[in-house]
Amino acid sequence: MRAFSLSRVGAILMKELIQMRRDRLTFAMMVGIPIIQLILFGFAINTDPKHLPAAAVIEDTSRFGRSVFAAMQNSRYFDFIATADSENQAKEMLARGDVSFVVTVPTDFGRDLIRGIRPELLLEADATDPAAASGAVGAINQIVSSGLAHDLRGPLETLKQDRPPVDVVVHRLYNPEIITQYNIVPGLLGVVLTMTTILMTAMALTRELERGTMENLLAMPARPVEIMIGKIVPYIGLGFIQVFVILAAAWTIFTVPMLGSLSLLLFALLVFIAANVTLGYTFSTLARTQMQAMQMTFFFFLPSILLSGFMFPFRGMPVWAQWIGEVLPLTHFLRIVRGIVLKGNGLADIVPELWAIAAFWAGVSLVALLRYRRTLD
Amino acid sequence: MTIAGALPTDEVIAVRGLTKRFGDKTVVDNVDLNVKRGEIVGFLGPNGSGKTTTIRLICGLLHADAGEGTALGHDIRTESGLIKMQTGYMTQRFSFYEDLTIRENLDFVARLYDLKPRKDYVDRTLERLGLTNRQNQLAGNLSGGWKQRLALAACVMHEPKLLLLDEPTAGVDPKARREFWDEIHALADEGLTVLVSTHYMDEAERCHRIVYIAYGTIVARGTVKDVVADSGLKTWVIHGDGSGKLMAELRNLPGVEQVAPFGTDIHVVGTEGGALETGVTQVAKERGLKAEHGETSLEDVFIKLMTDAQANEQ
Ligand SMILES: Nc1ncnc2c1ncn2[C@@H]1O[C@H](COP(=O)(O)OP(=O)(O)OP(=O)(O)O)[C@@H](O)[C@H]1O
Ligand SMILES: [Mg+2]
């Protein structure tokens with residue numbers, strides 16, 4: 001009996017493909033889940049909230065200061081609900097959550113502006129919900145410049161030439177790492193894939209056990225590694241269908257940029273999906289029932305979401321949590337996908353992360369092959 | 001009966017002391033079993049006696065706790081991969097894929113055994129089954145008997161040398177059963193070896209040899225004739241009155257073990273020839289009924305074996 005037979009792998013693979021195709025509901029779910037998740041998460045982030053409460057600290061009463069406030073109010077990002085008497089009072093309002101922003105126009109703002117010294121304008125933002133503040137923060141320079149444009153006429157025209165007339169200083173309070181939608185939509189790619197691919201393959205063997213087809217499969221001459229490959233490959237394919245759905249949505253609905261190479265991203269995705277699918281298969285060698293397999297999947301999914309840097313900034317977590325996070329494929333994939341998509345990383349930049357995922361993959365494959373039950377005991 | 005080249009070394013199954021425990025329950029207890037090439041051996045025994053478990057041990061689906069042996073010359077404990085290549089195992093419960101069509105299931109098997117050309121194998125099997133025009137029907141939609149026939153066809157497709165059949169004809173109609181047995185015999189003539197479990201007496205009688213297992217222990221074996229003779233049972237038939245009253249009376253006679261009605265006849269089965277004969281003829285004479293020697297059936301023997309085993313166990 002040959003140690004490895006492509007024909008036997010093909011037998012399992014074809015069978016899985018047919019079953020997958022026939023299980024319409026699951027198939028529809030696998031394509032539907034990414035879309036639903038993306039829209040749910042994506043729009044929750046994309047809401048670019050307006051009319052956030054703001055407090056003003058006015059230490060300069062020149063018309064320029066008034067123009068700035070007017071422009072901010074007109075931008076509809078800011079709703080000035082209070083004027084603080086002092087810096088401290090404003091800080092308190094921010095801490096209590098009464099306002100999301102404090103805008104300070106410092107002393108001599110107008111005088112410095114006219115002299116061309118580029119006065120500072122301080123914007124303090126409550127970044128506990130970074131997504132909420134990000135829109136306003138991103139737009140502030142533009143708002144200030146256009147607000148002053150009207151005032152800087154005639155002899156002052158020169159002030160707005162080369163650089164913005166005002167130096168807007170942004171302080172993000174309470175959350176050092178900003179998460180923007182560009183950060184999250186690529187991350188969602190990893191999260192959705194983690195959940196669906198593991199869940200699908202976690203059923204691979206338990207379904208056979210529960211339907212009683214395992215006895216037949218075991219009685220025929222298929223080797224564990226052949227069964228594993230045959231059962232994994234179709235789900236890698238299914239994973240890529242999800243990838244295309246998500247990428248299409250990311251670029252059309254959310255206009256996420258793509259700075260790096262698409263083929264590099266697809267290659268990283270291949271490794272990442274393979275690792276996840278294999279993990280699911282490993283779960284199915286350990287579980288006795290589909291229910292157990294499902295529980296294992298969720299047990300794994302939770303830390304993946306919480307400790308990978310998707311939900312919380314990775315560097316903000318305690319060291320022990322970072323160690324757990326380092327084991328998870330999603331952690332490394334998030335770095336890869338953000339690196340490629342947002343920073344234009346090349347292969348050399350992502351190699352360490354790829355190795356980490358590949359090592360995880362090798363580890364779970366080994367467990368699957370060792371734990372595969374060749375008998376019905 | 002001619003067994004092609006049946007030398008003593010031609011043992012297709014040869015196991016000794018096979019033992020299997022689930023928890024602290026010994027389900028198969030020190031079983032010895034020998035089957036020669038070309039033989040059809042019937043494997044009988046009450047529900048839960050360990051037939052399925054024994055078959056699974058032979059084809060490597062379960063690990064034996066004790067015992068050793070070979071199937072097709074390969075060690076059942078270490079070479080199950082080689083055994084599986086040349087063995088067709090038909091499970092008691094239908095275990096092909098219900099969400100695959102008949103053809104897809106056969107295709108799956110053909111690929112697993114690397115049969116070439118695959119299409120020919122599948123087509124031929126479909127034709128022999130008479131399922132060619134239903135080949136695209138889902139296996140799950142087949143009736144129970146047709147599922148059995150599909151399973152059988154699938155497990156002989158790769159032309160195995162050994163067939164292990166676990167109640168292959170349960171729920172199959174008489175005509176199909178007859179065809180099934182004709183085919184089994186035809187295959188055995190070509191050298192295929194068959195171990196088949198069944199609860200049907202007529203099927204047991206079609207086997208070259210039978211093995212009877214109760215509570216995990218083999219309690220009788222041999223040809224049907226041998227098993228009946230070894231049981232030491234004698235049978236009397238009383239014609240003309242099948243009433244319950246007469247049966248109750250007969251049951252109380254010395255030496256009587258079983259009393260069973262057959263229409264207006266009553267079959268009386270017992271061990272001690274002498275006591276049985278005097279008792280039965282006496283009762284028949286009193287009522288003016290005719291009593292004569294009957295042939296002891298395999299069923300009578302099995303019921304005795306079952307009762308004895310039960311008594312031993314308690
Ligand atoms: N996996 C298992 N775990 C625990 N007990 C088992 C297992 N498989 C079988 N048994 C027990 O072993 C005994 C023998 O079962 P087996 O299926 O071999 O009987 P059988 O002779 O095939 O019966 P039947 O005629 O009903 O098919 C039964 O009591 C059964 O409950
Ligand atoms: Mg059974």
Side-chain angles (χ1 to χ4, degrees), chain A residues 1-28 200 203-231 233-234 288 290 369 371-377, chain B residues 20-23 52-53 55-65 74 76-101 103-116 118 138-140 151 154-155 157-158 160 164 166:
Chain A
M1 184 177 169
R2 265 176 299 152
F4 184 82
S5 149
L6 270 182
S7 174
R8 292 198 290 262
V9 172
I12 312 270
L13 198 143
M14 290 305 296
K15 178 210 116 202
E16 290 291 322
L17 278 177
I18 296 170
Q19 288 185 312
M20 195 194 279
R21 201 187 61 210
R22 224 150 260 165
D23 189 358
R24 290 267 164 77
L25 184 68
T26 312
F27 190 79
M200 288 306 292
M203 309 291 170
L205 290 175
T206 45
R207 188 173 47 221
E208 305 246 5
L209 264 181
E210 286 191 3
R211 292 190 187 168
T213 52
M214 197 66 193
E215 182 171 10
N216 217 344
L217 190 58
L218 285 176
M220 293 192 277
R223 289 179 180 274
V225 65
E226 293 160 353
I227 295 179
M228 180 164 122
I229 296 174
K231 281 188 168 281
V233 171
R288 276 276 170 191
Q290 299 199 40
L369 289 175
R371 283 301 317 236
Y372 179 82
R373 280 186 281 260
R374 290 154 197 263
T375 63
L376 293 167
D377 288 84
Chain B
K20 179 71 189 172
R21 282 181 281 271
F22 288 118
T52 300
T53 309
I55 293 176
R56 285 175 174 168
L57 287 170
I58 292 170
C59 67
L61 286 184
L62 288 172
H63 271 297
D65 292 311
H74 303 296
I76 60 164
R77 291 167 305 178
T78 55
E79 298 177 308
S80 62
L82 292 167
I83 297 173
K84 286 172 189 173
M85 283 300 279
Q86 309 175 58
T87 302
Y89 170 42
M90 179 173 165
T91 56
Q92 181 169 1
R93 177 184 156 191
F94 183 74
S95 52
F96 281 90
Y97 298 96
E98 305 216 337
D99 51 351
L100 261 56
T101 64
R103 181 176 200 101
E104 286 161 353
N105 268 301
L106 293 174
D107 230 23
F108 170 68
V109 175
R111 269 184 224 267
L112 265 187
Y113 288 99
D114 207 354
L115 302 180
K116 279 175 190 149
R118 196 174 69 239
L138 289 185
C155 78
M157 190 164 57
H158 65 288
L164 301 170
D166 201 354

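Throughout, a chain's letter reflects where its sequence line sits, starting with A, and its residues are numbered from 1. For the numbers below, each heavy atom of this structure counts, side chains included, while hydrogens, waters and symmetry mates do not. These figures come from a predicted structure and were not determined experimentally.
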Next on the checklist: Taking side chain as everything from C-beta outward and backbone as N, CA, C, O, which of these in B/S80 sits under 4.5 Å from a heavy atom of chain A? Side chain, backbone, both or neither.
Outcome noted: neither

Checklist entry - How long is the gap from CD on A/E215 to CG on A/L217, to the nearest 0.5 Å? => result 11.0 Å

Item to check | side chain to side chain contact (heavy atoms under 4.5 Å, CB included) between A/R211 and A/R207, worked out | outcome: CA-CA 6 Å; A/R211 292 190 187 168; A/R207 188 173 47 221; 3.3 Å; yes

Checklist entry - What part of A/R22 is in contact with chain B, defined as an atom under 4.5 angstrom from a non-hydrogen atom: side chain, backbone, both or neither? => result side chain

Checklist entry - So, A/E208 and B/Y97: side-chain donor and acceptor under 3.5 Å apart, yes or no? => result yes

Checklist entry - Heavy-atom distance under 4.5 Å to chain A: side chain of B/L138, backbone, both or neither? => result side chain

Checklist outcome for this item: From the list A/S5, A/G10, A/A219, A/G212, the residue making the most non-hydrogen contacts under 4.5 Å with chain B is A/A219

Item to check | Part of B/R56 within contact of chain A (heavy atom distance under 4.5 Å) | outcome: side chain

Item to check | Per-residue contact mode, A/M14 against chain B (heavy atom under 4.5 angstrom) | outcome: side chain

Checklist entry - Does the pair B/D166 and B/T52 meet the rule for a side-chain hydrogen bond (donor to acceptor under 3.5 Å, both in side chains), with working shown? => result CA-CA 7 Å; B/D166 201 354; B/T52 300; 2.7 Å; yes

Next on the checklist: Given 3.5 Å as the limit, does a donor-acceptor pair link the side chain of B/D99 with the main chain of A/Q19, or not?
Outcome noted: no

Checklist entry - Side chain, backbone, both or neither: which part of A/R373 has a heavy atom under 4.5 Å from chain B? => result neither

Item to check | Full working for salt bridge (charged side-chain N to carboxylate O under 4.0 Å, His left out) between B/D114 and A/R8 | outcome: CA-CA 7 Å; B/D114 207 354; A/R8 292 198 290 262; over 6 Å; no

